[in-house]
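Below: one structure, written as structure tokens.
FYI, side chains are in, hydrogens and waters are out, and symmetry mates aren't considered; it's all heavy atoms of this structure. Since we're looking at a predicted model, the values are computed, not measured. Note that ligands are numbered from 1 as they come in the structure, with each ligand's atoms numbered from 1 the same way.
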Amino acid sequence: MASLTTAVSAFLKVVALGYLSIQPVYASSVPQRRQSLTRPNDLPAGWSYAGCWVDNAHGRIIENTQPGNSGLTVESCIATCAGQGFSVAGMEFADECYCGNRFVNGATEAQTDTDCNMACAGNAGEPCGGPNRLSVYSSLSSIPSLPVPTVQTTNLPGNFAYSGCFTDVVNGVRALPWQIIWEGNNTAVACMNQCAAFGYPVSATEFGQECYCGDTEDLTENGSTKGADSECTIQCPGDPIHICGGVQRMTTYTWSGSLNVWHQPQNTGFYEFFVPGLMAPLLATLGVNNKVAFLEKAAGTSAAFPNSTGAYELDLSLVGDFSREWREMHTKTDIFCSGSVILPDRAGRQINVGGWSLQSTFGVRLYTPDGSAGVNGTNDWEENGDILKLQRQRWYPTAAILANGSVLVIGGEIGSNDKPEPNLEILPKPVGGDTVVNLDWLLRTDPNNLYPFVTVLPSGNVFVAYYNEARILNPNTFDTIKTLPNMPGNVNNFLAGRTYPLEGAMVLFPQHFPYTDPLRVLICGGSTPGPAFVSDNCVSIAPEDPNPVWTIERMPSQRVMSCMVPLPDGTFMIMNGAKKGVAGFGLASDPNLNALLYDPTLPTNQRISILGNTIVARMYHSEAILLPDGSVLISGSDPETPGLPEETRIERYVPPYLNNGITPPSFTISNHDWAYGQTVTISNVRVTTGSISGVRVSLIAAVSSTHGNAMGARTIFPQFNCAGTTCTITAPPNANISPPGWHQLFILDGSGTPSHSSWVRIGGDPSQLGNWPDLPGFTRPGVGAVTIPL
Ligand SMILES: *[C@@H]1O[C@H](CO)[C@@H](O)[C@H](O)[C@H]1NC(C)=O
Ligand SMILES: *[C@@H]1O[C@H](CO)[C@@H](O)[C@H](O)[C@H]1NC(C)=O
Ligand SMILES: *[C@@H]1O[C@H](CO)[C@@H](O)[C@H](O)[C@H]1NC(C)=O
Ligand SMILES: *[C@@H]1O[C@H](CO)[C@@H](O)[C@H](O)[C@H]1NC(C)=O
Ligand SMILES: *[C@@H]1O[C@H](CO)[C@@H](O)[C@H](O)[C@H]1NC(C)=O
């Protein structure tokens, strides 16, 4: 926008100058031509007169325009230029001063020296150029001169080729969506490189300093047409022998071939209505009882649902039977906006921490899932802030399980849009101890770092991504071991961020036996601070590579408040969110209704498939989680944006692998409690498609979904061997590859169709969470083996 104004005002200036320069009659304030003008001889040492030169035959011939000066003299202009370190000074039209170190735009000398016969505005006896004539002085013996700029058509990066001089701002509409202003240094090549890096096949420069990126469809959709090459004449400020557009004209280059391949499979799978809800949940967790636990703001905070009890559980086996499928549960304090994770204890308890406001921000809430298919559990959320609470107030914290089995709680603010809580703490808190560790980088990046993304790396160190930064921490001291490069943002703004409120989503690339590949993290979506330009890319990095670099992959549409769901076949659904704005109440619009599938086994920039569309806007406070049958549950949307509902409807996405008419494979398992490296047998393995040798095995770690943060997410393809009707699976080797916790075990047949999942715990409960908290009113499952039923 800024540059549109700049462009227009500059355009007006060019028109005005043209008018004044060509008209024979001048305003009375402009000095008249004189017959006898004398050049000064009191020039600074080394400076001398270099002739009267023609300006604007093909653009300005000296590059740096100084402000108009009604007191201009030859001496003052030279002093200005010399003072700025320039070696060439030119006076034009009585009161204009130009500085440079060379001529550009194919400068030629005037026919006669007397063309420069306007008196200086500040000295009626001296010549200061004329209309389109420059009196030029220089400290150089010979002034370098660049030719009239031409369109660069050779040495173009990648597969770019010149497409022509295109019109811009037709009927007030810009042709290309992404604008970059590179005052003083824009070049056609730099613009092409920048566009290509972010996946845009069209690169266009305009008005010298402007670079635009987009798609060929944008040109046609926005009415841009190809004009005569002669309409693009402005030199590139960073490369003055080449042309960077004109006034509302774009020197346009197009990448031939595909910069991104977005697959459009025939079988996209589909969204479907799943179940009517009771509220708009802000946190969803599939429990080890195979029921979905939802958490929602407390009655006082939830304007739309004043009778909210804060917690509800959905029995997936009863979907379709509204009077029986929901169980109302209760929280004592307000879980808005908290973090959750499933503990590695033998009962698979869910822990929820933080909230809003005051005592709720200290909240530590525990639920021991119970009941069974068709039978309500009786356990409820347990909390008692008098005896069990966080050490710091946290609104928007992340929870994670460390390799040693303790719980990490990190970040947040002391309340809604309040002071930062730039630190972490560990649960359980030792008696008399304090486990708070201050983190200066969270302080520095507040408030764009909330709900930071956290994961344990194969080295045992801890990765954290927050705002547009990422680093690796020592898991004992939480000192920084390595600062990673900043995450690339948007093509037009490197400062785009990825955590609330610039909210994207993070998952981990699958880890395959023998677990020797460096772990890669994938973060999709985000937005910019200030004017919210929503990101249309995913970035990924292997943090423990010797020289880690972020890879940028463009998505087919912009998305903030994205949710990502690890599927059992190692792919990821990308869904929910908006195309405009940032996360928060009333801060986004234009819902993104399209689901994507990201397949990390495909080559970079060819990994995304465009799947189905929903009719339900899933904005702020929406979630997406994997169900036991391999489909995806989508819930929530609490945007507080006029025209967009508080969404109670729950949908399901049936991915392509369940939309193929194939009977899912099946298996039975008796060992639900795996030690690291242990070999476990599953039996009655049955596939209806392909043979047993085509079977694959995956482990999807338990996830709590809130605010784009899939807390706990991890995908493991363990070592296995199948023969006859049994498979032996070797558990991942250690807690760094796979921190202690619960996983959904799937098998997939040769067609990629998943079985239903069975829950297994891997790595036990090394932090003895099962004995915690030893306080009245809390259930403690103990630290023994997992017993089924739980
Ligand atoms: C132009 O200069 C700015 C400011 O130094 C810099 O950020 C930008 O990367 C430069 N652009 C090019 C194309 O060199
Ligand atoms: C140009 O057209 C595209 C459709 O291809 C649209 O998405 C985009 O917003 C338009 N750009 C501008 C700046 O209006
Ligand atoms: C909450 O109250 C609304 C009316 O205000 C009602 O429609 C809804 O069924 C109630 N929900 C629950 C869970 O009681
Ligand atoms: C579970 O409890 C809820 C009350 O919270 C009730 O409405 C529902 O019918 C019960 N479901 C079953 C299967 O008993
Ligand atoms: C796990 O590591 C954290 C951070 O060093 C520490 O505070 C905690 O006590 C450890 N847990 C156990 C069970 O050793």
What are the distances between nitrogen or oxygen atoms of ligand 2 and protein nitrogen or oxygen atoms, counting only those under 3.5 Å?
{"residue": "ligand 2", "atom": "2 (O)", "partner": "Asn222", "partner atom": "OD1", "Å": "2.7"}
{"residue": "ligand 2", "atom": "2 (O)", "partner": "Asn222", "partner atom": "ND2", "Å": "2.5"}
{"residue": "ligand 2", "atom": "5 (O)", "partner": "Asp218", "partner atom": "OD1", "Å": "2.7"}
{"residue": "ligand 2", "atom": "11 (N)", "partner": "Asn222", "partner atom": "ND2", "Å": "3.2"}

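Val436 is linked by a side-chain contact (heavy atoms from CB on, under 4.5 Å) to Gln391, Arg392, Asn423, Glu425, Asp434, Asn438, counting only residues two or more places apart in sequence or in another chain.
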**OP:** Show your working on disulfide bond (SG atoms under 2.5 Å apart) between Cys524 and Cys538 and close with a plain yes or no.
**Re:** CA-CA 4 Å; Cys524 296; Cys538 298; 2.2 Å; yes
**OP:** Determine, stepwise, if the pair Cys195 / Cys211 fulfils disulfide bond (SG atoms under 2.5 Å apart).
**Re:** CA-CA 9 Å; Cys195 295; Cys211 163; 4.3 Å; no
**OP:** Kindly determine whether Tyr162 and Gln152 satisfy side-chain contact (heavy atoms from CB on, under 4.5 Å), including the steps that lead there.
**Re:** CA-CA 8 Å; Tyr162 175 61; Gln152 180 166 3; over 6 Å; no
**OP:** Determine, step by step, whether Val151 and Tyr253 satisfy the side-chain contact (heavy atoms from CB on, under 4.5 Å) criterion, reporting the C-alpha distance in whole Å, the side-chain angles of both residues, the deciding distance to 0.1 Å, and the verdict.
**Re:** CA-CA 10 Å; Val151 173; Tyr253 297 87; 3.8 Å; yes
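For ligand 5, the atoms closer than 4.0 angstrom to any heavy atom of Pro475 are 4 (C), 5 (O). Within ligand 1, the atoms closer than 4.0 Å to a non-hydrogen atom of Ala190 are 13 (C), numbered from 1 in the order shown. Using a 4.0 Å cut-off to heavy atoms of Ile426, the atoms of ligand 5 that qualify are 7 (O). Of all atoms in ligand 5, numbered sequentially from 1 with element shown, those under 4.0 Å from a heavy atom of Asn404 are 1 (C), 2 (O), 3 (C), 8 (C), 10 (C), 11 (N), 12 (C), 14 (O).
Not a single N or O atom of Asn186, backbone or side chain, sits closer than 3.5 Å to an N or O atom of ligand 1. Between Ser767 and ligand 5, no pair of N/O atoms sits closer than 3.5 Å. Between Asn476 and ligand 5, an N or O atom pair is found at a separation short of 3.5 Å.
With hydrogens and angles left out, the side-chain atoms of Tyr200 and Trp178 include a donor and acceptor closer than 3.5 Å.
Within the 4.0 Å heavy-atom criterion, neither part of Pro430 lies near ligand 5.
Cysteines Cys213 and Cys191 are not disulfide-linked, with SG atoms at least 2.5 angstrom from each other.
Arg559 contributes no side-chain N or O that, together with a main-chain N or O of Asp536, makes up a donor-acceptor pair within less than 3.5 Å.
Aromatic ring pairs are classed by plane angle as parallel below 30°, tilted from 30° to 60° and perpendicular above 60°; the pair Trp255 and Phe160 is perpendicular.
With salt bridges taken as basic N to acidic carboxylate O contacts below 4.0 Å, none links Lys482 and Glu544.
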